[in-house]
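Let me begin by presenting the structure, written as C-alpha cells, before commenting on it.
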Amino acid sequence: MGSDSREEVVEGVVEDVLFRSDDGRFAVIRLLLGDGDPSADRPTAVGDLGQIAPGENVRLVGRWTQHAVYGRRFRVTSFTPTIPSTEQGMVRYLGSGLIPGIGPALAARLVERFGQDTLDVIATQSVRLREVPGIGSQRAQSIADAVRQRRVEAETMSFLHALGMGPATARDIVRKYGADAPRIVRDDPYIVAEQIRGIGFRTADRIAEALGIAGDDIRRVQGGVLHLVGKAVDEGHVFATRQQLHDGLEQLDVPRDALDEALLQLRARDLIVVEDDAVYPPLLYRAERLVSEALAKLANRPKIKQPLKTHDASLSDTQRSAVEASLGTHLLVLTGGPGTGKTTTVRAIVQAHEALERRVALCAPTGRAAKRLSDAAGVEAKTIHRLLEWNPATGRFNRDQRMPLDAELILVDEASMLDIRLASQLLAAIPVSATLVLVGDVDQLPPVGPGQPLRDLIASKICTTIRLHEVFRQAQQSAIVRGAHAVLQGSMPEPTPTGTRGNGDLFLIPATDPDTIVDRLVQALKRMSVVYGFDPLADVQVVTPMRRGPLGTYKLNEVLQEAFNPETRDKVTPTAFRPGDKVMQLRNDYDKEVYNGDLGEVKRIEGGITYVFFDGREVQYKADELDAITLAYACTVHKVQGSEFPAAVIVLHSAHFVLLNRALLYTALTRAKELVVLVGDPKAMARAARNALTYETNSKLLERLRALV
C-alpha cells in the first residue's frame, strides 16, 4: 500500500455511504467532487466520518493512498460539513433529505425563486418561503430551523477542527454545547475538558495554546485544579487535599503560586467546595453530608423492639441475634465472608418482618446481585436504580426526600459496593420510620466509585454491626470457600486434589510466560466445557487485575473473542462487536435502564443499530453510543464486584505487581460458586495473598458520623 505524504483538502458532496463500521468510527464513502456535478470524479474516501449522510457537502482533510485491493482512496484525518455555494449544489443539498420538509422538486422551486440567496433567505427571512407554492408558515419555520442548525454545525465543526480536534471529539462538543460551542471553547477550554469525556488536560493545553492563552493564565491553573480533583475522584477519593493539588500542579507544570486564587475563583463559580484542607466536587460534598446526616438520624432514632414471631432452629446464636437486632433498631449492618450464613440470615430477617406484616423492599447495586437476593430471600429484589424509579422526563429519581420509598424494611445486599453518590441517592429515599439493613462483605475490594460508606459506617460504631464468623459445615466442603478464608489469613488457597471433583472445586494452572498463560487460559475454558458442561461464555467469567498489558482485559478479550466467537462475515474492516459477543455496560444509563457493570450479549447488528440483551431485555445502541459498552469475555476484578458466576478463571502475573493484594484475590475467588481456576504465576498469587494493603480514600464521612452521634 502506497501513500502520498502530503496532506490535501478535498471538497464535494457525499454520493453514497458504501460501508460504516458497527461502532461508527470508520466509514467508506463515494464523493462527488465540487458541488455535485454528475460528470465530476467520484473518488472513495475512508476514515472517521461519523454519521455522515448522502447529500451532505463536506470538506475533507487527508492524504491520498493506494490500497492493494481497493485502489486509490482518500484517507480522511478530519472533515467539516460545508454549505454549498452554487445553485446546482443548493438544489442537491436541499433535496437530499437532510432538510426535513424538502424533496428534490421543492428544492428546485426554492432555488429557482431565490437563486444564489436561497440559503440566506431560508436562514434569515423564513417568512419569504411562503412565496413558493406548497409552503405554509409551519413548514417554513421547520425548514428554516433545520438549515440554521446545519449552518451552525458546519461553522462549529470547522472552528473545532482548526484547533486540532478529531471528528469524534468535535461531535461530542457540538452535541453538548450546540451553537454556543465556539464561544464556550474560546472562553475556557479547560472547563470543556472537564465536561467532555475524552478531552484531558493536555488536550486542553493544546487548544488553549492555539487560542493564545498563556501558560500562567489563571484559567489554566483552574483547569489544572479541576483535572486533579477529577483524577482523585477517579481513584476513589471523595475530595482532593490541598497538598495533592499542590504536588499535582507541579507535575502538570502549572504555576502553584496561583493555587489559592484559582480555588477562590472556582468556589465563586460553584465548581468546587473547600472545607478546611479538602477540595470537593460540589456533588460529592453534598452527597457526603447527606449520607452522614441520614445515617446519624437512623442510628439515633429510638425504636420499640418488636417480638420475634418466627422460629428457625437452624439459626446459630449470631444469626438469631442479627434477626432480633433488625427488629429493635432502625440501622443494622450484617457482614461476613462466604459460607458464614449471610444468605440464611437475610432470609430469616425478611421472614421475621413479613410475619409482623411489615412492608419489605430488597435491593442490590447490580442486576445479578438483585436476582441472587431474590432467589435467596424468596421475595422480589430490584437494583437500587429501579427501586428508586428513575424518571427520564425529569432526569431525577422519583423516590427521594419528597416521595420516600413505601417500605418499613429496606434491605440492601452487596452494600460494600455502595459509593458515596449511590449511597446518598438511596438514603435520600429512606422513610424516617423505616429500618435499613446493610448486608455486605467488607473484606472485598472497595467500591469502584468514590468513598467507602459501609466501611466508614462500621468504623464509626454508631449502629449495631453483626459479623458472621462461623463457616458452616456444608460450606467447609467447598475448596473455594476454604481458599477465600485462607487468603484472608494471608495464605495461598489449597487446590482440589488432582483427579477428584467436589463441591466448589479450585484448581491451579502454573505458568509464567504471558503467551503460555493465554494458551492455557483458552485450553482451560475448553476443558471446563467438556468436563463440567459449562458454557465458556454464559457460565464462566475470566477476571484479571488490569485493562492494559499482555494479560489485561483488552488483550484477553481480543484473544477470547477470536477463540469463542470468530468473525465469519466478509467485511471491508473488522467490526468492534459481533453477534454472540459478551459485553459489559461501562457507565450508568438511566434512560436505557442499564448500569455500570451490567453484562449482556450482542444478539444482532442491523441498520447501524447494535441490539444487546441484558437479562433477557433488549437494549439498542446507535453507532455513536457504542463507547458505552465493551467486550466482557474478560473483565477486571473491580468490574465484576457484586456478580456471582458458576465458574471463574482468575489470571494473575507478576506484571500485575502493583495491584496484587489480598482484597483483590479474595474478591476474585468469591465471584464463583462451583469452580475456580487460577492461571498464572504462583509467585504473583502468593504475593496477592500476603499483601494486606487496605485502600485508603479521602473522605470525611467517618469524622462526620462520629460528630453527629
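All values below were derived from every heavy atom in this structure, side-chain atoms included, with hydrogens, water molecules and symmetry-related copies excluded. Please read these numbers as outputs of a predicted model, since none were measured by experiment.
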Taking the side chain as C-beta and beyond, is there a heavy-atom pair between [X] and [Y] under 4.5 Å?
| X | Y | value |
| --- | --- | --- |
| Glu606 | Ile609 | no |
| Arg113 | Val121 | no |
| Asp627 | Arg587 | yes |
| Asp188 | Ile213 | no |
| Leu560 | Lys582 | no |
| Thr636 | Arg547 | yes |
| Gln561 | Tyr633 | yes |
| Val522 | Lys526 | yes |

Main-chain N/O of [Y] paired with [X] side-chain donor or acceptor, under 3.5 Å:
| X | Y | value |
| --- | --- | --- |
| Arg151 | Ala123 | no |
| Arg109 | Pro133 | yes |
| Asp16 | Leu18 | no |
| Thr544 | Leu551 | yes |
| Ser126 | Gln141 | no |
| Glu11 | Asn57 | no |
| Arg42 | Glu15 | no |
| Thr630 | Met584 | no |
| Arg671 | Ser643 | yes |
| Asp217 | Arg219 | yes |

Measure up the His385 and Tyr595 rings against each other and bin them: parallel (under 30°), tilted (30 to 60°), perpendicular (over 60°).
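Answer is parallel, since the angle falls under 30°.
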Residue pair [X] / [Y], side-chain donor-acceptor N/O under 3.5 Å:
| X | Y | answer |
| --- | --- | --- |
| Ser142 | Arg139 | no |
| Tyr590 | Asn391 | no |
| Gln585 | Tyr621 | yes |

Minimum heavy-atom distance between [X] and [Y], given as atom pair plus value:
| X | Y | value |
| --- | --- | --- |
| Trp64 | Pro43 | CH2-CB, 3.7 Å |
| Val58 | Phe79 | CG1-CD1, 4.4 Å |
| Leu599 | Ala632 | CD2-CB, 3.6 Å |
| Phe201 | Gly224 | CE1-N, 3.4 Å |
| Tyr177 | Val192 | OH-CA, 3.8 Å |
| Ala146 | Ile99 | CB-CG2, 3.9 Å |

Leu271 and Gln222: side chain to side chain contact (heavy atoms under 4.5 Å, CB included), yes or no, with the steps?
CA-CA 10 Å; Leu271 293 173; Gln222 292 177 41; 5.5 Å; no
For [Y], is there an ion pair with [X] - N to carboxylate O distance below 4.0 angstrom?
| X | Y | result |
| --- | --- | --- |
| Glu625 | Lys592 | yes |
| Glu618 | Lys603 | no |
| Glu7 | Arg63 | yes |
| Glu209 | Arg220 | no |
| Arg128 | Asp120 | no |

To the closest 0.5 Å, what do you measure between [atom1] ([X]) and [atom2] ([Y])?
| X | Y | atom1 | atom2 | result |
| --- | --- | --- | --- | --- |
| Met417 | His638 | CE | NE2 | 10.5 Å |
| Leu163 | Arg186 | CG | CZ | 8.0 Å |
| Leu211 | Asp187 | CG | CG | 10.0 Å |
| Met546 | His653 | CE | NE2 | 11.5 Å |
| Phe159 | Ile173 | CZ | CD1 | 9.0 Å |
| Asp419 | Asn596 | CG | CG | 9.5 Å |

Could you go through Gln149 and Asp145, starting from their C-alpha distance and side-chain angles, then the distance that decides it, and tell me whether this counts as side-chain hydrogen bond (donor to acceptor under 3.5 Å, both in side chains)?
CA-CA 6 Å; Gln149 180 64 28; Asp145 288 344; over 6 Å; no
Please indicate whether [X] has more than 12 foreign heavy atoms, meaning atoms of other residues, nucleotides or ligands, lying under 6.0 Å from its [atom1].
| X | atom1 | answer |
| --- | --- | --- |
| Arg148 | CZ | yes |
| Asp253 | CG | no |
| Glu112 | CD | no |

Check the pair Val612, Phe577 against side chain to side chain contact (heavy atoms under 4.5 Å, CB included), reporting the backbone distance first and the verdict last.
CA-CA 10 Å; Val612 182; Phe577 300 108; over 6 Å; no
If you apply the rule salt bridge (charged side-chain N to carboxylate O under 4.0 Å, His left out), what do you find for Asp234 with Lys231, and how did you get there?
CA-CA 5 Å; Asp234 289 342; Lys231 182 181 176 184; over 6 Å; no
Applying the side-chain contact (heavy atoms from CB on, under 4.5 Å) criterion to Val185, which one of Leu160, Ile196, Asp180 satisfies it?
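Exactly one option meets the side-chain contact (heavy atoms from CB on, under 4.5 Å) with Val185, and it is Leu160.
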Stepwise side chain to side chain contact (heavy atoms under 4.5 Å, CB included) check, Leu31 with Leu60:
CA-CA 10 Å; Leu31 199 66; Leu60 308 177; 3.8 Å; yes
Candidate pair Ile184 and Ile191, rule side chain to side chain contact (heavy atoms under 4.5 Å, CB included), full reasoning:
CA-CA 9 Å; Ile184 292 170; Ile191 291 293; 5.8 Å; no
